[in-house]
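What follows is a set of notes on a single structure, which appears directly below.
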Amino acid sequence: MNPKLRIAVVGATGVVGREILGGLQELGHPASQLTALASERSEGEEVEYLDDSLEVEKADLDSFRGVNLALLAVPAAQAKMFAGAAQSAGAWVVDTSPAYRAQPEIPLALPGVNEAALDAPFKGRIVRVPSAPTAALAFAVNPLRQTFGVSQVHVAALLGASSQGTRGIAELERQTADLLSGRDPEAAAFPNRLGFNLIPQVGEFDGPWTSEELAVQAEAQQLWAGQGPAISTTALYAPTFYGCCLTVTAKLGRQASVEQLHAAWKGSATVKVLDVPAEKIYPMPMLVTADPAVHVGRVRLVPGAPEWVSFVVAMDNAGRGAALNALEVGARLAQKSA
Ligand SMILES: NC(=O)c1ccc[n+]([C@@H]2O[C@H](COP(=O)([O-])OP(=O)(O)OC[C@H]3O[C@@H](n4cnc5c(N)ncnc54)[C@H](OP(=O)(O)O)[C@@H]3O)[C@@H](O)[C@H]2O)c1
């Protein structure tokens with residue numbers, strides 16, 4: 001990334017925003033100016049950065065003067081407002097929120113899957129990255145699609161509490177403590193109690209599907225330019241704090257052995273194969289925290305269905321699933337023009 005960039009991170013106090021700051025540190029602070037923005041609730045607070053800290057400023061519509069790259073990690077309503085302001089100020093904008101899900105004219109980009117979307121001309125300076133479950137699925141399925149073809153995919157996506165941000169983490173902590181102490185827990189961030197439970201509802205229902213399930217289907221189609229497999233998704237909240245885990249069953253375009261599947265994934269820069277079940281080596285949320293790789297394992301051929309394969313995927317939802325994608329897309333946009 002160009003070290004002369006002036007970067008604003010909006011939502012710097014949140015789960016994704018902190019990961020973006022962590023990613024910028026990993027890149028060796030590629031910015032001539034870095035502004036950490038959040039709501040007025042956090043104004044004046046400090047967030048850790050390099051060996052020091054950054055003072056958080058309140059984001060407003062004037063926060064983007066002179067900014068080249070705005071990385072947004074705020075709820076959808078705020079993202080729309082700040083994306084518009086940053087774009088008007090001449091910045092490139094990368095949005096991690098669902099704000100532009102219903103606007104196909106806003107490019108959706110995932111590094112290593114469809115960078116070409118950024119090279120083609122598009123109107124405006126706003127680009128979005130997909131939701132974490134879409135990213136995990138696309139990273140894992142893309143190498144299979146390129147090597148064997150994939151026509152159908154069935155996914156169960158289990159999302160930890162941090163997928164609902166700092167509020168989700170605090171709620172699971174509180175509910176766990178309440179339940180262990182014999183108190184009645186309250187549910188606010190999730191549609192039901194998450195402590196010691198699984199909830200098969202992520203987002204609001206739109207007919208029989210939830211908004212998160214529909215987003216995986218729609219975003220995957222957008223990433224693969226309408227040429228992707230048919231996808232059915234069931235999204236659940238799981239009572240873990242960090243990381244998400246997917247079980248995937250896919251129909252390939254032709255038969256493949258487990259070794260050939262491993263080889264396809266090993267050719268991907270983002271995927272790490274963890275598949276030695278006899279030694280208890282397989283993807284788990286606890287292994288992916290702070291790992292930029294997407295873990296794939298438990299690879300099986302489906303008996304009696306020669307073209308079908310099943311596997312498990314795990315990914316750091318806020319790191320690889322949002323912040324790193326935003327940073328990599330932002331770096332590419334910044335190369336287009338300062
Ligand atoms: N968590 C994930 O795994 C994940 C993955 C992919 C995408 N996303 C998306 O990333 C975005 C951020 O999610 P998160 O999990 O990081 O949420 P979070 O932990 O709740 O953080 C939200 C951030 O937004 C800030 N914010 C809220 N209202 C604001 C306002 N009016 N003005 C300025 N800043 C405001 C908050 O600042 P204060 O601290 O001052 O309130 C905080 O920094 C969401 O759109 C989410 O859908 C999240």
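Positions are given from 1 along the sequence. As the structure lists them, so they are numbered: ligands from 1, and atoms in each ligand from 1.
Numbered from 1 in the order shown, with element, the atoms of ligand 1 that lie under 4.0 Å from a heavy atom of Phe82 read 32 (N), 33 (C). Interface atoms of ligand 1 facing Pro98, defined by a heavy-atom separation under 4.0 Å, are 45 (O), 47 (O). Those atoms of ligand 1 with a heavy atom of Ser163 less than 4.0 angstrom away are 1 (N), 2 (C), 3 (O). For ligand 1, the atoms lying closer than 4.0 Å to a non-hydrogen atom of Ser97 are 45 (O). Atoms of ligand 1 lying under 4.0 Å from at least one heavy atom of Ser162, given by number and element, are 1 (N), 2 (C), 3 (O). If you number the atoms of ligand 1 from 1 as listed, the ones under 4.0 Å from a heavy atom of Asn317 come out as 2 (C), 3 (O), 5 (C). Below 4.0 Å from some heavy atom of Ser42 lie the following atoms of ligand 1, by number and element: 38 (P), 39 (O), 40 (O).
Closest heavy-atom approach to atom 37 (O) of ligand 1 among the candidates Val10, Thr13, Asp316: Thr13. Ranked by closest heavy atom to atom 9 (C) of ligand 1, the top entry among Thr96, Asn325, Asp95 is Thr96.
Applying the salt bridge (Lys or Arg N to Asp or Glu O under 4.0 Å) test to Arg298 and every residue at least two apart in sequence or in another chain returns nothing.
Aromatic rings from Tyr282 and His295 are positioned such that their centres are separated by 6.0 Å or more. Taking the six-membered ring for Trp and the full ring otherwise, the centers of Phe311 and Trp265 sit less than 6.0 Å from each other.
Contact between Arg167 and ligand 1 is absent, with no heavy atom of the residue lying under 4.0 Å from the ligand.
Contact annotation: for Pro75 versus ligand 1, heavy atoms closer than 4.0 Å belong to both the backbone and the side chain.
Other residues sharing a hydrophobic cluster with Trp209 under the 4.5 Å side-chain heavy-atom criterion for ILVMFWY residues are Leu214.
Thr233 and Glu213 are not linked by any side-chain donor-acceptor pair at a separation below 3.5 angstrom, with hydrogens and angles left out of the test. Side-chain atoms of Asp206 and Ser211 include no donor-acceptor pair closer than 3.5 Å.
For atom 13 (O) of ligand 1, the closest non-hydrogen atom of the protein is Val16 CG2, 4.1 Å. Atom 25 (C) of ligand 1 has Val74 CG1, 3.8 Å as its closest protein atom, hydrogens excluded (heavy atom only).
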